[in-house]
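Worksheet: the structure to be examined is printed underneath.
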Amino acid sequence: MRSNLVGSAAEFRRRRKRRVPDAFLRELRAPLPPQPPIFRSRFQGELLARILLGPERETTMLDLAVMLRSDLGSVMREVESLAHAGVVTLRRTLAGRVVVRDTTSPLYEPLAQLIMLTFGPATVVADVFGRLPAVRELHLFGAWARRYEDVQGDPPGDVEVLVIGDIGPEVAFDAAQQAAARLGLPVHPVVRTVAQWQDDNDPFLREIRASHPIQLTGP
């Protein structure tokens, strides 16, 4: 990956005199994610999340641009940089170049783990559903919860979320769609009231409790 170091103030002023492209300056000013500033920008982190998380799949450059709501040129430059670093591989098809993670790379496992912790389902679900004032608790359960507990297996394809609060199914569905758009993975919310969650007579909720869910928000 390219270095994000700007250099000395004097050097930066000389670069400004040489009319640094506006696109580059915008990239420098782009806000980093709230996690440790390991990645150059949120765009880079979300692009890596699309490629490295979930089931392995080939994706066209155009599809990535649409999913990330970015321009094709920015996606192509970032993907080519990742390919040069050995994180992804590129293949030409009739539909254009497609990108897929390189699971043989020594960088794959540690980078995928880092992306999961910073741009993965737990972060995105907590961000989207946590904005709803009626949500009292939020739990990640199922395959992704096990993955956060370092249980090995195939990369999970679906994100299962238990939402505790007085919210309607339409509101939960809209939030799930927002989270799914950011993750590139289906998000399935299960909504229960506080009273239902405290009631131990629901077999389905007992099963969720027994599966050791990951609590994302709440007391």
Side-chain angles (χ1 to χ4, degrees), residues 31-35 39 42-57 59 63-70 101 112-219:
L32 289 171
Q35 295 80 16
F39 301 101
R42 179 178 292 275
F43 170 73
Q44 185 190 51
E46 292 185 348
L47 175 66
L48 282 166
R50 293 281 184 164
I51 299 173
L52 301 183
L53 300 184
E56 185 174 349
R57 56 190 181 273
T59 310
D63 284 342
L64 283 171
V66 171
M67 289 187 291
L68 294 168
R69 298 182 180 181
S70 178
R101 71 190 67 161
Q113 181 76 6
L114 183 59
I115 286 292
M116 181 184 75
L117 295 175
T118 52
F119 291 93
T123 301
V124 172
V125 167
D127 179 43
V128 174
F129 282 87
R131 299 174 188 175
L132 304 177
V135 172
R136 299 288 298 277
E137 294 184 37
L138 195 61
H139 301 261
L140 192 69
F141 69 97
W144 270 110
R146 293 192 294 273
R147 179 54 59 94
Y148 277 95
E149 292 290 340
D150 203 27
V151 176
Q152 299 303 309
D154 294 332
D158 296 344
V159 181
E160 297 171 291
V161 185
L162 175 64
V163 186
I164 307 299
D166 296 318
I167 66 173
E170 298 85 1
V171 176
F173 177 80
D174 289 343
Q177 292 296 98
Q178 293 178 39
R182 287 175 56 179
L183 291 167
L185 297 169
V187 177
H188 305 296
V190 173
V191 181
R192 294 291 188 273
T193 65
V194 174
Q196 289 172 325
W197 178 235
Q198 293 173 346
D199 185 1
D200 198 37
N201 294 322
D202 187 327
F204 181 56
L205 293 182
R206 288 204 303 269
E207 182 179 343
I208 291 178
R209 286 192 181 93
S211 68
H212 304 291
I214 304 295
Q215 185 164 344
L216 305 178
T217 64

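Bear in mind that the values here come from a model prediction, so they are computed numbers and not experimental data.
Looking at T118 and T123, their side chains never come closer than 4.5 Å, going by heavy atoms from C-beta outward. Contact of the L185 side chain with the D158 side chain is not registered, since no non-hydrogen atoms from C-beta on lie closer than 4.5 Å. Between E137 and Q215 there is a side-chain heavy-atom pair separated by less than 4.5 Å. In this structure, the side chains of I115 and L53 come closer than 4.5 Å at one or more pairs of heavy atoms. By the 4.5 Å heavy-atom criterion applied to side chains, V128 and V187 are not counted as neighbours.
Between M116 and R147, the closest heavy-atom pair is SD-CG, 3.5 Å. Shown here for P155 and G54, the closest heavy-atom pair between the two residues is CB-O, 3.1 Å. Nearest approach of R57 to G184, heavy atoms of both residues: NH2-O, 3.6 Å. Minimum interatomic distance between P156 and P55 (heavy atoms only, all atoms of both residues): O-CD, 3.4 Å. Considering every non-hydrogen atom in both L138 and V125, the closest pair reads CD2-O, 3.6 Å. In terms of heavy-atom proximity, P186 sits nearest to A180 at CA-CB, 4.4 Å.
Residue pairs meeting the ring pair (Phe, Tyr, Trp, His ring centres under 6.0 Å) criterion with at least one partner in residues 138-187, sequence neighbours excluded, are H139-W197.
Considering OG of S211 and CZ of R206, their distance stands at 13.5 Å, rounded to 0.5 Å. To the nearest 0.5 angstrom, L140 atom CG is 5.5 Å from L216 atom CG. Rounding to the nearest 0.5 Å gives a distance of 12.0 Å between CG of N201 and CD of Q196. Here the CG atom belonging to L52 is positioned 12.0 Å from the CD atom belonging to Q113, to the nearest 0.5 angstrom.
Put simply, the residue from L132, V190, V191, V171 that forms a side-chain contact (heavy atoms from CB on, under 4.5 Å) with V163 is V191.
Listed for the R136 side chain is no donor-acceptor partner under 3.5 Å among the backbone atoms of G165. Of the possible polar contacts, none joining the E46 side chain to the F43 backbone as a donor-acceptor pair under 3.5 Å is found.
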In sequence, state the C-alpha distance, the side-chain angles, and the governing distance for I51 and T59, and then conclude on side-chain contact (heavy atoms from CB on, under 4.5 Å). CA-CA 8 Å; I51 299 173; T59 310; over 6 Å; no
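Ion pairing of D202 with R192 is present here, as a side-chain N (NZ or NE/NH1/NH2) and a carboxylate O approach within less than 4.0 Å.
Within a 6.0 Å radius of NE2 in H188, other residues, nucleotides and ligands contribute more than 12 heavy atoms.
Contacts of D127 classified as salt bridge (charged side-chain N to carboxylate O under 4.0 Å, His left out), with partners at least two apart in sequence or in another chain: R131, R182.
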